[in-house]
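Remarks on the structure that follows.
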Amino acid sequence: MQNKIDLEKKWQKKWNENSSYSVSNDINNNRPKYYVLEMFPYPSGNIHMGHVRNYTLGDVVARYKRSKGYNVLHPMGWDSFGLPAENAAKDNMTHPEKWTKKNILTMRNQLKSMGLSYDWSREISTCEPNYYKFEQKMFIDFLNKGLAYKKESWVNWDPVEKTVLANEQVIDGRGWRSNAIVEKRLLSQWFLKMTEYADDLLDSIPELNNWPEKVRLMQSNWIGKSLGANINFRIEKRSDVIEVFSTRPDTLYGASFIALAPSHPISISLSKNNKDIRNFIEECNKNSTSEAVIEKNEKKGIKTDLLASHPFDQSIKIPVYIANFVLMEYGTGAIFGCPAHDQRDLDFANKYNLPVLPVVQPHNFKKTKFIINDRAYIGEGVIINSHFLNNLPVEDAKRAAIKKLEDLKSGKSSITWRLRDWGVSRQRYWGCPIPIIHCEDCGDIPVPDVELPVTLPKDIDLNFSGNPLDSHPTWKIANCPKCNKTSKRETDTFDTFFESSWYFLRFTDPINNMPFREKNANYWMPVDQYIGGVEHAVLHLLYSRFFTRALKKCGYLSISEPFKGLMTQGMVCHQTFKTKDGSWLFPKDIVKKNNKYFLKNTNEEVFSGRIEKMSKSKKNVVDPLTIVKKYGSDTARIFMVSDSPPERDMEWSNSGVEGSYKFLNKLLRMIDEVNHLEKTIDVNSLSLNNYPALIKIHRSIQDVTEGIERFSFNVCVAKLYELTNTISRLDVDDTIELNIKFYGLKILAQLLSPFAPHHAEEIWFSLGQEGLVCNAKWPIANEKFLVEDNINIGVQVNGKLRGKIKYTKGSTNNEIESLALSLPAVKNQLDGKIPKRIIIVPERIVNIVA
RNA sequence: GCGAGCGUGGUGGAAUCGGUAGACACACAAGACUUAAAAUCUUGAGGACUUAAUGUCCGUGGGGGUUCAAGUCCCCCCGCUCGCACCA
């Protein structure tokens with residue numbers, strides 16, 4: 001038996017020599033196309049188990065589809081702009097570019113050692129000017145089509161580092177490096193008009209029927225279309241009004257306060273003459289910009305002197321507050337609070353002693369008075385305490401209230417989206433420069449096409465705080481393309497989601513000096529199967545859907561939806577280990593003895609913690625390279641798909657890996673056993689009943705094929721184990737069994753090839769088959785071996801299993817019934833009584849109701 | 001806080017349509033081979049209770065419901081995980 005590494009190297013070399021996985025750019029061929037894509041990695045240093053899982057899943061699909069005769073596009077590249085390169089630069093004083101390129105080199109070799117069937121000639125890296133120059137042009141096209149614009153928006157500002165922080169860099173309201181209290185600041189930034197496609201992005205979700213339902217739901221909720229009303233409240237002694245958006249205009253009579261966002265124009269104007277309000281708004285501005293943080297914080301407000309008039313009854317006066325939970329970005333930046341029917345409003349009202357008047361009463365309410373204590377009622381019901389709305393059901397009352405508001409010219413029906421425009425400006429170095437020049441006279445002028453790309457300067461000062469592009473002495477100086485006046489370049493770069501929003505298009509035509517040819521994109525797109533982590537369920541996938549539409553509007557291609565099929569894989573988890581005083585330990589340093597864990601070096605006892613997602617911070621990582629070196633990549637691949645279904649989280653376990661390794665070794669032993677023997681008989685001519693192994697072989701073809709089609713790869717592996725067990729028990733001294741064994745091994749090689757391609761080639765070759773198994777046509781089960789004549793089903797009495805019966809296919813219900821009733825256990829249960837009913841579900845179950 | 005998902009033996013999981021729960025594997029135990037170990041092969045097993053019969057009861061996070069029949073459908077609850085717009 002040869003060394004696994006040599007075996008794998010041998011076949012990788014063969015694939016290379018044959019260019020087995022490269023795809024022709026000639027798209028006029030007759031084979032149907034199939035585009036399988038895994039989310040490309042950020043080159044963080046080394047591949048981790050999450051990558052191994054992701055790319056194994058994709059490779060199974062790619063290899064399977066190839067053998068089914070598809071023209072398969074299966075590319076790989078690098079999402080190589082991003083914050084970690086800048087962090088690494090600060091930590092180790094290495095240039096982001098150098099760090100990134102080194103990582104790519106390492107990771108490319110690691111991926112290549114896994115024998116993944118990529119067309120490496122299409123490799124792309126987004127930090128290359130040759131990639132990002134196209135998106136600079138795209139941005140200018142968006143600008144010209146009105147899909148990009150500039151506005152002010154809030155950022156997390158670290159006053160010590162003088163830099164903008166990502167939400168993840170703000171920990172408990174402080175900068176992660178400086179530990180300074182983070183402030184909110186307004187910056188002028190570029191936005192893409194995603195809201196223009198809000199309706200389309202929402203309405204097209206039903207077409208994405210090869211996406212997981214949960215992702216479609218998340219996207220729907222994210223877009224968040226709400227029907228309601230914009231309502232104007234007049235302010236006492238002032239001429240302006242407060243415009244409020246509400247989905248519950250039916251509860252207007254229950255309004256007990258109005259709350260403004262801290263950044264609402266009225267809040268700002270009030271703060272000018274009121275110190276308390278100014279302090280409160282300042283306090284709110286110390287909050288993070290993260291919605292999760294804002295929502296988790298204690299709900300607080302400050303009362304203003306303003307009183308608003310109720311739109312239906314000017315005599316009702318409602319106090320106006322400024323509250324920390326009202327977002328300027330959503331709706332109109334102001335709400336009316338109806339505490340009885342909204343939990344957040346109720347908490348607020350109870351805190352500030354505001355009245356709670358119920359205006360919706362449950363339909364079946366019997367008692368005399370409906371009272372709200374500390375739980376808001378948000379269900380269905382009829383309106384009470386509301387004059388002209390009384391006795392109407394909620395939905396009717398909404399319509400009536402809106403009608404009245406319109407009659408009074410105090411409001412109108414309105415749709416509000418949760419979806420916001422996409423802010424793409426980042427105050428960072430390691431990203432694609434935004435191709436704009438700010439001229440004092442002409443304003444923001446796009447860099448002319450001939451001057452693209454705007455490339456990043458290499459000589460940057462990493463010690464300097466703030467954005468290195470901004471502090472660079474010369475880079476930002478440019479002449480206005482219009483008036484030639486000395487001007488300043490835009491020093492912000494694009495959000496790195498920009499690159500990942502069109503990389504799948506570049507893969508369809510990666511070498512031409514244009515982003516991609518429309519012809520190629522139209523042929524390959526949409527991606528037939530996209531595979532990646534569920535953490536991208538909303539942002540990346542929604543940005544890409546928007547981007548594709550925007551590119552279509554600019555004439556780049558003619559499709560709207562980039563991803564036809566989506567598979568979201570679960571995380572790779574592992575047990576954690578800690579010392580007595582709670583510091584994390586690497587699993588590789590630990591040995592298990594008598595159900596206790598000890599440090600390898602010192603023999604100190606350590607303790608196992610929860611099973612958690614593999615992460616560097618908890619040290620519960622297993623390095624894929626160590627595994628590949630020890631067991632070979634086929635072992636890692638088989639293990640990755642064998643235990644857990646792809647969409648679920650999986651646990652990495654050493655014993656599981658050992659199991660996969662043993663399985664592959666068993667296969668190699670089997671070929672050693674048969675490859676010196678002669679095969680003589682055509683097994684397809686054998687009759688089926690005498691040879692259960694033949695039936696098993698054909699069942700396996702059927703089961704594995706179906707399993708791959710519906711992503712039950714773990715079941716496929718189980719079926720391969722079963723098939724292996726069956727054929728390993730065949731007797732090589734019996735001529736017929738030997739021939740079935742040959743045949744079974746050949747089929748096994750083919751069924752195995754998407755999962756453990758190196759071993760599959762080895763078996764294929766040892767059996768003396770022509771060519772490479774990766775080019776062989778996928779086997780088809782012979783129907784005559786699939787039909788089962790003997791039916792074996794359970795018999796229940798009152799839904800409980802009491803026995804089993806066997807009959808031949810085609811027996812009548814009467815025959816089945818008498819067979820069932822003749823079972824001793826059934827007779828026992830019936831105890832002489834006559835069954836009330838007998839339910840026979842053909843070939844499934846008999847249930848006798850006594 | 002809001003949105004989404006998940007929960008089945010000692011462990012990972014299977015059960016495609018509501019129809020024999022626990023396939024396949026890991027771990028475990030016994031046996032074979034071996035001077036021995038490893039490797040390999042064979043066999044066993046959800047839990048409890050017995051009168052030890054191929055017997056009864058319980059069993060898919062907990063509680064309730066629909067149905068001849070529920071891991072699967074509905075309602076409530078518990079636990080864990082993911083996302084929340086500047087991580088990718």
Side-chain angles (χ1 to χ4, degrees), chain A residues 39 41-42 44 79 81-84 87 155-156 164-170 189 212-215 217-218 220-222 224 289-297 299 325 329 343-344 347 418-428 495-497 500 533-540 542-543 568 570-571 573 610 612-613 642-645 647-651 653-660 662-663 665-666 669 706-707 710 712 714-715 717-722 725 728 792-796 798-804 825 828 836-839 841 843-850:
Chain A
M39 290 179 183
Y42 178 79
S44 54
D79 188 13
F81 272 139
L83 202 48
N87 294 335
V155 294
N156 299 313
V164 176
L165 297 180
N167 283 332
E168 68 156 19
Q169 296 175 319
V170 182
Q189 309 198 60
E213 186 55 36
K214 61 172 177 179
V215 176
L217 246 170
M218 280 192 244
S220 286
N221 291 331
W222 185 266
T289 57
S290 148
E291 192 183 308
V293 172
I294 293 168
E295 290 284 333
K296 249 184 253 165
N297 277 336
K299 312 286 179 282
F325 61 88
E329 291 81 17
Q343 191 59 45
R344 206 164 47 177
D347 296 342
R418 212 185 79 91
L419 183 72
R420 307 203 292 258
D421 280 337
W422 174 15
V424 293
S425 298
R426 297 292 182 271
Q427 296 68 40
R428 314 213 183 282
D495 177 6
T496 56
F497 274 122
S500 57
V534 71
E535 65 273 18
H536 294 289
V538 176
L539 292 182
H540 161 61
L542 199 58
Y543 290 145
T568 55
M571 298 176 304
C573 302
R610 299 170 17 146
E612 296 197 58
K613 174 184 176 176
S642 64
D643 271 0
S644 305
E647 65 276 8
R648 221 185 293 177
D649 289 350
M650 65 173 289
E651 192 197 336
S653 79
N654 263 339
S655 48
V657 178
E658 293 277 352
S660 303
K662 285 182 196 168
F663 165 69
N665 286 341
K666 184 172 181 171
R669 273 198 308 279
E706 284 173 14
R710 63 188 163 93
S712 296
N714 52 329
V715 181
V717 174
K719 299 292 175 187
L720 291 174
Y721 280 145
E722 282 183 40
N725 288 340
S728 77
N792 205 341
I793 62 168
V795 177
Q796 300 175 330
N798 291 330
K800 271 186 188 162
L801 187 73
R802 296 297 170 184
K804 291 170 189 183
N828 237 336
K836 286 182 191 144
R837 203 176 148 190
I838 298 176
I839 291 148
V841 183
E843 293 177 40
R844 282 195 182 267
I845 200 97
V846 176
N847 191 8
I848 297 162
V849 187

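Lettering follows sequence order; numbering is per chain, from 1.
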For [N], the Watson-Crick or wobble counterpart (both distances under 3.5 Å):
N      : answer
B:rA27 : none
B:rG5  : B:rC80
B:rA36 : none

Using every non-hydrogen atom in the two residues, find where A:Tyr721 and A:Gly659 come nearest and quote the distance to one decimal.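 Result for this residue pair: OH-O, 4.2 Å.
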Please name the pair of heavy atoms, one in A:Asp649 and one in A:Met571, separated by the smallest distance, quoted to 0.1 Å.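 Closest heavy-atom pair between A:Asp649 and A:Met571: OD1-N, 2.8 Å.
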May I ask you to verify if any side-chain N or O of [X] is less than 4.0 angstrom from the OP1 or OP2 atom of [N]?
X        : N      : value
A:Ser290 : B:rA85 : yes
A:Arg710 : B:rU16 : no
A:Asn714 : B:rA14 : yes
A:Lys800 : B:rC58 : yes

Using the side-chain heavy atoms of A:Arg426, tell me which of these nucleotides is nearest: B:rA88, B:rA14, B:rC86.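 Of the candidates, B:rC86 comes closest.
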A:Lys666, nearest nucleotide to its side chain (from B:rC6, B:rC41, B:rG19):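 Of the options given, the side chain of A:Lys666 lies nearest B:rC41.
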Please identify which of these residues, A:Asn167, A:Val155, A:Val170, meets the side-chain contact (heavy atoms from CB on, under 4.5 Å) condition with A:Thr289.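 Option passing the side-chain contact (heavy atoms from CB on, under 4.5 Å) with A:Thr289: A:Asn167.
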Need the glycosidic conformation of B:rG9: syn if within 90° of 0, anti if not. Which one?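 Chi for B:rG9 falls in the syn range.
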Looking for any heavy atom pair under 4.0 Å, which part of the strands does A:Pro41 touch: base, sugar-phosphate only, or nothing?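 No contact at all - A:Pro41 keeps every heavy atom at 4.0 Å or more from the nucleic acid.
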